[in-house]
Amino acid sequence: MLNFSRARSQPRAARSMSLGGMDYVDPKKKGNLLGKVFLVAALTALCILVIKRSPSFTTPSPFSVHEPGVTHVLVTGGAGYIGSHATLRLLKESYRVTIVDNLSRGNLGAVRVLQSLFPQPGRLQFIHADLGDAKSVDKIFSENKFDAVMHFAAVAYVGESTLYPLKYYHNITSNTLLVLESMAKYNVKTFIYSSTCATYGEPEKMPITEETEQKPINPYGKAKKMAEDIILDFSKNSKMAVMILRYFNVIGSDPEGRLGEAPRPELREHGRISGACFDAARGIMPGLKVTGTDYNTPDGTCIRDYIDVTDLVDAHVKALEKAKPGKVGIYNVGTGKGRSVKEFVSACKKATGVDIKVDFLPRRPGDYAEVYSDPTKIRRELNWTAQYTDLEKSIQVAWKWQKTRPNGYGSS
């Protein structure tokens, strides 16, 4: 029986047909190919459309560009006591703010309060980072366009500085150097530096003016003075606008009760006298410890110039407004009036309504007898004067926040 079938060298669909010396693709294959090409083109177009409509593609972050009419301020330590109050004031004044804080002393709860008050895009961002990490600092400056820096971030307890001096030199002096280097590299034009009256040490003459010789007697004051020296040396050949504000003893809190002071519990023994008074009034501590009663002062206790935090941040805003390229301004920020520790304790008892138990102890290393400011220069040049000078009232405002926030900002 004859077999008329023959083996096919290729499948029918893949074969070409010859006609007049010309090859033609099988119509079925041609249709499939065109369909695939069309599908790929459609998917590519869709991907491009999605990418272009993505906000991150078409619109850069408002924090990463200089916007005319908007001043973008980096607030280091903005989760801390003073830094958070300064951020609140800046946001109220329509500044754009980036907070950088490692939360070793600051409170994430304070940042959350600020975010809830100013939720609009482009107003406030928070970056969790350590200013001691050079790569992190450079990355922050490379990805954001700052017009000014308010440098609050620092450990700031005199007693603690005598126990851990290297920590203070690293955290204050070295970190300030890293910030300043990045400012210079990325052309940030204004620097407001948070300094302290501790750089003066224990002057022979009161009140303290900006011309008083700086002779710090504890690592905290020494580290701050070293940072000031670095800033001043750099400014000699720079067009950067620099303002150095030397604080006296800060008290109080936001008058509207949105922010307050909430130090770490483990740092109570090193903290401010106001925090110690509140801890005693709330029964967290059995009483208040007053260190040193034999100083050469009218009642034997230290005399300090207590400045309300609301006044302090007002001085920062005025310094920012008045800063001039290539110029350095140095100002004492205080009330010009000294109050003894015993006076402060008496005011605290009245403000809280609690008869706080007081234990008198020997002097604390690194303390000085009497320090208060002459605010003439800041009044003359920045038109700034302390407004919240009623000691008892400032304590009352802070005490109200403490009572409504028994756990501070809660767990971060």
Side-chain angles (χ1 to χ4, degrees), residues 63 66-101 106 110-111 113-114 117-118 120 122-125 146-154 179 183 188-197 210 231 240-248 250-256 258-261 306-325 327-336 373 375-389 394 397:
F63 298 96
H66 289 295
E67 184 176 335
V70 177
T71 302
H72 183 188
V73 183
L74 168 62
V75 179
T76 70
Y81 171 42
I82 300 171
S84 62
H85 282 77
T87 299
L88 175 60
R89 174 62 187 273
L90 289 169
L91 290 168
K92 287 173 66 177
E93 297 288 336
S94 298
Y95 288 90
R96 175 173 291 155
V97 179
T98 292
I99 291 175
V100 171
D101 202 301
V111 177
V113 169
L114 293 165
L117 292 170
F118 300 92
Q120 303 87 352
R123 296 305 314 281
L124 172 67
Q125 72 168 333
F146 303 119
D147 299 295
V149 173
M150 283 190 181
H151 185 34
F152 296 98
V179 170
M183 289 184 67
V188 183
K189 299 178 180 179
T190 304
F191 190 40
I192 313 297
Y193 183 61
S194 166
S195 193
T196 171
C197 64
E210 289 78 3
I231 296 166
M240 189 181 294
V242 174
M243 292 292 205
I244 296 173
L245 303 183
R246 294 172 182 158
Y247 310 168
F248 285 69
V250 189
I251 60 170
S253 65
D254 169 44
E256 295 184 39
R258 294 163 293 188
L259 299 170
E261 183 178 13
Y306 296 100
I307 176 74
D308 193 287
V309 68
T310 303
D311 282 328
L312 180 62
V313 299
D314 182 57
H316 281 78
V317 173
K318 284 186 166 59
L320 180 58
E321 293 171 346
K322 298 283 187 178
K324 296 180 180 180
K327 301 294 183 182
V328 178
I330 300 175
Y331 301 98
N332 290 335
V333 189
T335 65
S373 71
T376 301
K377 183 181 179 184
I378 192 171
R379 181 172 62 246
R380 182 179 67 247
E381 296 186 8
L382 301 188
N383 192 30
W384 177 90
T385 304
Q387 302 296 316
Y388 296 83
T389 57
S394 289
V397 171

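Just so it is clear, the structure is predicted and the values come from calculations on it, not from any experiment.
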Point to revise | S94: partners by side-chain contact (heavy atoms from CB on, under 4.5 Å), with sequence neighbours left out | key: none
Exercise for review: Determine whether the side chains of H66 and D147 contain a donor N or O and an acceptor N or O closer than 3.5 Å.
Suggested key: yes
**Study point:** Close side-chain approach of D254 to T310, heavy-atom, < 4.5 Å
**Key:** no
Check your understanding: What residues form a side-chain contact (heavy atoms from CB on, under 4.5 Å) with A386, not counting sequence neighbours?
Key -> I307, D311, T335, W384, T389
**Study point:** Sequence neighbours excluded, every pair satisfying side-chain hydrogen bond (donor to acceptor under 3.5 Å, both in side chains) that has a member inside residues 69-81
**Key:** H72-T98, T76-H151
Exercise for review: Please tell me if the side chains of L74 and M183 come closer than 4.5 Å, counting only heavy atoms from C-beta onward.
Suggested key: no
Revision key, fill the gap. By side-chain contact (heavy atoms from CB on, under 4.5 Å), S194 pairs with (sequence neighbours left out) F152, K224, Y247
Check your understanding: Heavy-atom count around K189 NZ within 6.0 Å, excluding the residue itself: above 12?
Key -> no
Review point. Can you tell if the side chain of L114 reaches within under 4.5 Å of the side chain of I99, non-hydrogen atoms only?
Key: yes
Study note, to complete from the structure: The reported gap from CG in L91 to CD in Q120 (rounded to nearest 0.5 angstrom) is 9.0 Å
Exercise for review: Just jot down the salt bridge (charged side-chain N to carboxylate O under 4.0 Å, His left out) partners of R123, sequence neighbours excluded, or say none.
Suggested key: none
Review point. Do the side chains of I378 and N332 get nearer than 4.5 Å, heavy atoms only?
Key: no
Practice item. Can you measure from CD (E256) to CG (L117) and round to the nearest 0.5 angstrom? Key: 9.0 Å
Practice item. Using a 4.5 Å cut-off on heavy atoms from C-beta on, say whether the side chain of L320 contacts that of Y95. Key: yes
Point to revise | Heavy-atom side-chain proximity of L382 to M243 below 4.5 angstrom | key: yes
Review point. For E93, which residues count as a salt bridge (charged side-chain N to carboxylate O under 4.0 Å, His left out) partner, sequence neighbours excluded?
Key: R89
